[in-house]
K.L.:
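I have a structure I would like to understand better, so I am pasting it below and will then ask my questions one at a time.
Chain letters run A, B, ... following the sequence lines, proteins first, then strands; residues in each count from 1. The structure displayed is predicted, hence computed values, not measured ones. What you see below is based on every heavy atom in this structure, not just the backbone, and it leaves out hydrogens, waters and symmetry mates.
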Amino acid sequence: MSGHQETPSSMDVDHALDVLAQRRWSGPLRDVRIEEHMMNDAKRPHTPRIRRSRWLVGALVLTAGGAVAATTGAIEWLNPAHLFRGQAVVVDELGAEHVIDIQADGSAIMKIADDQGQPVSEVRLQLAGDADIGTGAAPIRFAPLNKAPAETPDR
Amino acid sequence: MPEAQATLQSLPAMGLPSTPCLADARIFEALYRETYPAVVGLIYRRTGNEDLARDLACDTFLIAWRKAPHFRSVGVPPLHWLFRIATHRVNRWARDERRRLRREAHAARPNTVPATNDDADLALTALLRLSPRHQSVISLRCLHQLSVEQTAEVLDISPGTVKSRLARARSALARELSRPDPRSNP
């Protein structure tokens with residue numbers, strides 16, 4: 001143990017347990033919703049692990065291809081029920097929710113729905129940019145593949 | 001046991017049967033809403049890290065969701081079943097953490113882990129040096145204040161084993177607390 005000295009701690013067991021028991025977690029409950037199509041999709045073989053999903057949410061830029069207009073969106077929350085299925089919800093600037101299916105290869109598919117929630121089309125997404133472990137609420141941007149990727153937002 | 005009791009008592013009020021079919025999405029959602037704070041709280045007290053606690057809680061619910069079709073045969077209340085899964089998951093993490101702490105102690109690199117005089121951090125460091133088995137029983141019985149019987153149910157051991165294991169765990173914790181703190185720098 002060269003390089004630094006050691007000092008004995010002087011705490012008894014009861015005090016140690018007291019201070020540990022006082023640590024209480026009181027964070028918010030993230031919303032949860034399990035939809036019928038997720039139930040039907042329960043045996044999909046490529047469900048990525050939760051940590052990988054968080055990594056994906058921590059990714060800074062999503063680039064989308066297809067007919068969707070370029071826009072800016074944010075993953076407002078990570079829905080664990082979605083994550084069970086390897087999914088996340090993107091909320092665009094108009095407040096519309098889009099479910100993205102995160103694939104094992106790191107790509108994602110975003111389902112576009114109309115005002116009544118009926119599926120209209122699907123857009124294949126490609127993640128780009130540096131990534132780190134996100135907080136679960138990291139802002140992201142996405143844009144069609146045929147346009148320049150959105151700039152990396154400040155974290 | 002305020003957190004755990006509130007959850008256990010509220011499950012019947014939600015109209016859930018005593019042995020609910022957790023593979024039913026509606027019931028699993030309700031269970032998630034009711035038990036998420038307790039599960040994260042249990043993990044947080046053992047890890048001291050909120051982000052990590054959320055991650056491990058997500059893992060716990062993911063495992064629970066996959067095992068949900070077989071829940072009826074487990075024979076324990078839903079919350080205790082989740083605590084059991086969470087405990088196994090945290091034990092896996094704890095084994096890795098113990099190895100990391102040992103490596104750092106051998107490397108003797110000052111400032112690898114920030115020195116601290118915070119009692120909670122010192123206590124947590126001592127707790128994490130224990131075997132995952134001892135950590136589990138201390139966490140459930142002393143930190144989360146489950147009864148001996150409830151702790152036995154979560155750990156799937158007899159109440160007598162809980163008592164003897166807890167006594168050994170407390171002794172081990174006392175030894176760790178009296179050990180020099182390797183994080184103390186000159």
K.L.:
Give a yes or no on whether a salt bridge exists between Asp14(A) and Arg170(B), defined as a side-chain N under 4.0 angstrom from a carboxylate O.
P.N.:
yes
K.L.:
For the candidates Leu173(B), Val40(B), Ile138(B), which exhibits the highest count of non-hydrogen atom pairs separated by less than 4.5 Å from chain A?
P.N.:
Val40(B)
K.L.:
Look up atom OG in Ser178(B) and atom CG in Asp12(A), then write down how far apart they are to the nearest 0.5 Å.
P.N.:
11.5 Å
K.L.:
Does any heavy atom of chain A fall under 4.5 Å from the side chain of Leu127(B), the backbone, both, or neither of them?
P.N.:
side chain
K.L.:
For a quick test of reading the model, state the closest non-hydrogen atom pair linking Tyr44(B) to Arg23(A) and the distance between them.
P.N.:
CE2-CB, 4.0 Å
K.L.:
Locate the shortest heavy-atom distance separating Leu20(A) from Ala120(B); write the atom from each residue and the value.
P.N.:
CD2-O, 3.8 Å
K.L.:
Can you give me the closest heavy-atom contact between Ala21(A) and Leu143(B), atom names plus distance?
P.N.:
N-CD2, 3.8 Å
